[in-house]
Structures are given as C-alpha cells and as structure tokens.
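Taking it in order: structure first as structure tokens, then the write-up.
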Amino acid sequence: MPLEAWYMDSSDEDQRLPHKLSPNQPVSLDELKKIGVLHWKLNADMYENDPELEKIRKDQGYSFSDVITIQKETLPNYEEKLKMFFEEHLHLDDEIRYILDGQAYFDVRSVCNRWIRIAMGKGDLITLPAGIYHRFTLDQTNYTKAMRLFVGEPVWKAYNRPADDFEKRQQYVASLQCS
C-alpha cells in the first residue's frame, strides 16, 4: 500500500484519529519531497537482512539504529511519552523512522504553516529533515514497532516550538518556498 498523506483539519478531537479535511486534500510524495521528507517502502519482514535497507543506510550514512515498541504494555511512562512525542518540535539532525509493525502518524508542518499528516504503516521508512517542525502519534490501534536510525551517535534532543532561532531551522526555511 502506498504512503498516504493529507492536510489536516484543526479539530481538537483525539489525536489518534485521521483528521482529514472534508473534502480530503491529499499530499503527494512529490510534495513531501519538496519539503525535505524522504520515503522508501521496504519489506519489514526481512529488515534484519534486507539488502535494500543496507544500501539506504550506506547511501544516507545511517550508522546507528535501535528498535522501539510503542504500546502501553511495553513502553514505560506510555501516556507521558505519547504526550511528549505529540508536542510540536524540531531536531538539529534528521529524524529517520522505519515502521516494522503496526501503524502511526507523523505530522509535519509545511513552510506555509499547515499540518500535513503522514500515515505510516509496516514497511514505511521516512526521513524528516533537520529543522522541520513535526510531531508523532499512534493511530487508534495504539501500537507500532519502529526502527530509529541515526547518522552517527543517537541524538535525542527535541526543541519545542518556537525554536526558530536555531541555524538548522533557518537553513531549512530558507531552502523552501511557501506555495
């Protein structure tokens, strides 16, 4: 199944709902690429020995990885962590996530200040560029297993919005045009 993304409504209902506009306003992979979001569809059943994943890791310099399972039974402080993941923030490094099982959403804020929701499923690998405002949440299944990839040593620092003074944010914004 191809990656699906759309502009979000402004409802304050449960963050795990799709939040599609009516009528829906889809966002294409080309549009995501224009804001620096990269996507690959891989076979998550063979992630431990996948030559395609190894090639991407080598080409992109993803030298470190770990796996996290996000569900109430396995993640300590589950509710607190979900709230933290859903706070709008940015990183000074790319954020790379590969969904090995389950489903989740990444929301990215366009340069034009609109939320785009990206529905991630098993086999989806995305890279969010350094400096992009984003957030993460589960969908109504309340479960995902994801590989986190990093260039070099893992950096876990998130900067909640507003964080516009960071050079990475300014570089990111300067690289795009609102259309």
Side-chain angles (χ1 to χ4, degrees), residues 1-21 24-29 31-33 35-48 50 53 56-57 60 62 64-91 93-110 114-130 132-150 154-161:
M1 185 172 193
L3 187 77
E4 187 181 4
W6 56 87
Y7 286 106
M8 294 179 67
D9 66 25
S10 57
S11 169
D12 287 333
E13 281 187 89
D14 186 346
Q15 69 194 38
R16 300 168 309 144
L17 295 173
H19 289 281
K20 291 183 178 182
L21 293 168
N24 185 32
Q25 292 182 16
V27 176
S28 70
L29 284 176
E31 290 174 271
L32 290 175
K33 196 172 187 178
I35 62 169
V37 176
L38 304 178
H39 172 262
W40 296 266
K41 187 70 170 183
L42 303 174
N43 182 350
D45 290 330
M46 57 183 274
Y47 76 91
E48 292 172 317
D50 184 356
L53 175 60
I56 293 167
R57 288 183 70 155
Q60 301 294 320
Y62 304 156
F64 180 89
S65 67
D66 68 2
V67 174
I68 184 172
T69 300
I70 303 173
Q71 64 183 4
K72 197 170 214 158
E73 299 77 24
T74 59
L75 185 65
N77 303 313
Y78 172 81
E79 296 294 338
E80 291 171 31
K81 292 259 173 83
L82 279 185
K83 285 179 186 172
M84 181 182 73
F85 296 156
F86 198 65
E87 286 289 320
E88 184 176 2
H89 63 278
L90 61 78
H91 302 285
D93 296 293
D94 292 351
E95 181 161 328
I96 308 108
R97 298 294 182 265
Y98 179 20
I99 304 299
L100 302 176
D101 196 23
Q103 301 164 166
Y105 295 123
F106 270 97
D107 300 337
V108 294
R109 192 174 284 280
S110 74
R114 294 180 69 194
W115 279 115
I116 298 169
R117 175 150 280 188
I118 303 168
M120 302 277 297
K122 185 175 180 177
D124 287 320
L125 169 65
I126 65 168
T127 299
L128 305 180
I132 192 172
Y133 282 120
H134 65 282
R135 60 190 184 192
F136 170 87
T137 191
L138 296 176
D139 70 359
Q140 291 181 295
T141 64
N142 292 314
Y143 166 75
T144 196
K145 179 179 178 182
M147 177 184 286
R148 301 180 289 190
L149 297 117
F150 299 88
V155 177
W156 304 106
K157 183 69 178 151
Y159 299 93
N160 288 347
R161 188 172 185 173

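Computed from a prediction, not measured in an experiment: that's the story for all the values here. Keep in mind that the numbers below use all heavy atoms, side chains included, and drop hydrogens, waters and symmetry copies.
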Next item on the list: Identify whether NZ of Lys or CZ of Arg in K81 sits under 6.0 Å from the centre of the six-membered ring of F85 and within 45° of that ring's axis.
Entry: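 That pair does not qualify as a cation-pi contact.
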
Next item on the list: Sequence neighbours left out, what pairs pass salt bridge (Lys or Arg N to Asp or Glu O under 4.0 Å) with at least one residue falling in residues 64-77?
Entry: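 Passing the test, one end in residues 64-77: D66-R148, K72-E79.
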
Drop me the distance from [X]'s [atom1] to [Y]'s [atom2], to the nearest 0.5 angstrom.
X    : Y    : atom1 : atom2 : value
L3   : L29  : CG    : CG    : 5.5 Å
L21  : Y7   : CG    : OH    : 10.0 Å
T127 : W40  : OG1   : CH2   : 4.0 Å
L82  : N77  : CG    : CG    : 11.0 Å
Q15  : R135 : CD    : CZ    : 8.0 Å
I118 : L32  : CD1   : CG    : 5.0 Å

Check [X] against [Y] and note the closest heavy-atom contact, atom names and distance.
X    : Y   : value
G123 : A44 : N-CB, 3.8 Å
D14  : R16 : OD2-NH2, 2.6 Å
L42  : D50 : CB-OD2, 4.0 Å
I132 : I35 : CD1-O, 4.0 Å
G121 : I99 : O-CB, 3.3 Å

Less than 4.5 Å apart, any side-chain heavy atom of [X] and any of [Y]?
X    : Y    : result
H89  : H134 : yes
L128 : F136 : no
L17  : Q140 : yes
L38  : D94  : no
Y78  : I70  : yes
D101 : Y47  : no
M8   : I116 : no
R57  : L149 : yes

Check for a donor-acceptor pair, side chain of [X] on one end and backbone N or O of [Y] on the other, with a separation under 3.5 Å.
X    : Y    : value
R97  : I126 : no
D124 : K41  : no
H19  : D12  : no
T74  : T69  : yes

Check: So does E13 have more than 12 non-hydrogen atoms from other groups sitting under 6.0 Å from CD?
Finding: no

Margin query: We want to know whether S65 and Y98 form a side-chain donor-acceptor pair, criterion being a heavy-atom distance below 3.5 angstrom.
Written below: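 Short answer, no.
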
Note to self: For V108 and E95: C-alpha separation, side-chain torsions, deciding distance, then whether side chain to side chain contact (heavy atoms under 4.5 Å, CB included) applies.
What the structure shows: CA-CA 12 Å; V108 294; E95 181 161 328; over 6 Å; no

Item checked: Carboxylate-amine/guanidinium contact D45 K122, below 4.0 Å ->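 Salt bridge between D45 and K122, a charged N being under 4.0 Å from a carboxylate O: yes.
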
Next item on the list: Considering only NZ, NE, NH1 and NH2 on the basic side and carboxylate oxygens on the acidic side, decide whether D9 and K20 come within less than 4.0 Å.
Entry: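 Salt bridge flag = no for K20 with D9.
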
Notebook entry, point to check: Taking the inter-plane angle between the rings of W6 and Y105 on a 0 to 90° scale, is it parallel (under 30°), tilted (30 to 60°) or perpendicular (over 60°)?
Noted result: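 Perpendicular: the ring planes of W6 and Y105 meet at over 60°.
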
Note to self: Aromatic contact between F150 and W156, with the criterion being ring centroids under 6.0 Å apart: yes or no?
What the structure shows: yes

